[in-house]
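Each ligand, and each atom within it, is numbered from 1 in the order the structure gives.
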Amino acid sequence: MEQTLSIIKPDAVAKGVIGKILDRFESNGLKIAAMKKVQLSRQDAEAFYAVHAARPFFNDLVDFMVSGPVVVTVLEGENAVLKNRDLMGATNPKEAAPGTIRADFAENIDANAVHGSDSLENARNEIAFFFSGREIS
Ligand code: ADP
Ligand code: MG
């Protein structure tokens, strides 16, 4: 069993597709082990995406992530990290496979509907960033 962190980004929350995205997880063997809706501060978003601090798109990414509330979940299941990445589809929705979350709900590479941890180690760190142990079950 693995756990991974998912964020339903401001574009998808604003569009009213929280439920449709959660259904993709639950219908594909990923349980919701923890969940909350939060408005990230600039400091939160900068710290969460610190690995991308040197990238040219960093400021746009932070602006976007604080533009509205997000829904943060811990997903649990077999191969949860990779399974969630498969369900999400490619970072650029134009390249995302049909039937993936980004192909179905995302507009462009900035507003791309979801975040998902990309490794088990990053999943552990990202889960600890948002949740305490007692919030996960
Ligand atoms: P992913 O979210 O698929 O793991 P990355 O970790 O590489 O992708 O990037 C984090 C986020 O930064 C992406 O989801 C996307 O919103 C944004 N991003 C990545 N690459 C670009 C880019 N070339 N131009 C604009 N935004 C980007
Ligand atoms: Mg990433």
- Query: Going from NZ on Lys9 to CD1 on Ile21, what distance comes out if it is rounded to the nearest 0.5 angstrom?
  - Reply: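 These two atoms lie 11.0 Å from each other.
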May I ask you to identify the nearest protein heavy atom to [atom], giving residue, atom name and distance to one decimal place in Å?
atom: atom 9 (O) of ligand 1; result: His52 NE2, 3.5 Å
atom: atom 2 (O) of ligand 1; result: Arg102 NH2, 3.0 Å
atom: atom 12 (O) of ligand 1; result: Phe57 CE1, 3.3 Å
atom: atom 4 (O) of ligand 1; result: Arg85 NH1, 2.8 Å
atom: atom 26 (N) of ligand 1; result: Asp110 OD1, 3.5 Å

- Query: Does Met88 come within less than 4.0 angstrom of ligand 1, counting non-hydrogen atoms of the residue?
  - Reply: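 Not so, Met88 does not reach ligand 1.
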- Message: Distance to the ring centre below 6.0 angstrom and angle to the axis at most 45 degrees; does that hold for Lys36 and Phe131?
- Response: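 Yes, cation above the ring, under 6.0 Å and within 45°.
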Are any of the N/O atoms in [X] less than 3.5 Å from those in ligand 1?
X: Gly116; answer: no
X: Arg55; answer: no
X: His115; answer: no

- May I ask which of Asn112, Val114, Thr91 has a heavy atom nearer to atom 3 (O) of ligand 1 than the others do?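 Ranked by closest heavy atom to atom 3 (O) of ligand 1, first place is Thr91.
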- Message: Just to be sure I'm reading this right: ignoring hydrogens, which of Asn108, Leu61, Ile109 gets closest to atom 23 (N) of ligand 1? Compare them by their nearest heavy atoms.
- Response: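 When every heavy atom of Asn108, Leu61, Ile109 is considered, Ile109 comes closest to atom 23 (N) of ligand 1.
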- Item | Lys31 atom NZ, over 12 foreign heavy atoms within 6.0 Å |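 Not more than 12 within 6.0 Å, no.
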- Take Lys15 and Glu107 through the salt bridge (Lys or Arg N to Asp or Glu O under 4.0 Å) test and state the conclusion after the steps. CA-CA 11 Å; Lys15 249 192 223 173; Glu107 300 308 323; 2.8 Å; yes
- Query: Parallel, tilted or perpendicular for His115 and Phe48, by the 30°/60° rule?
  - Reply: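 Rings of His115 and Phe48: perpendicular, as their planes differ by over 60°.
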- Message: Assess the residue pair Arg24 and Asp104 against the criterion (salt bridge (Lys or Arg N to Asp or Glu O under 4.0 Å)); give the C-alpha distance rounded to whole Å, side-chain angles, the decisive distance to 0.1 Å, and a yes or no.
- Response: CA-CA 11 Å; Arg24 299 288 173 102; Asp104 290 346; 2.9 Å; yes
- Query: Do Tyr49 and Phe58 have ring centroids that are under 6.0 Å from one another?
  - Reply: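 No, they do not, as the ring centres are separated by 6.0 Å or more.
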- Message: Test of understanding: clusters of I, L, V, M, F, W, Y form through side-chain heavy atoms closer than 4.5 Å, transitively. Do Val13 and Leu75 belong to the same one?
- Response: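 The answer is yes; both residues are in one hydrophobic cluster.
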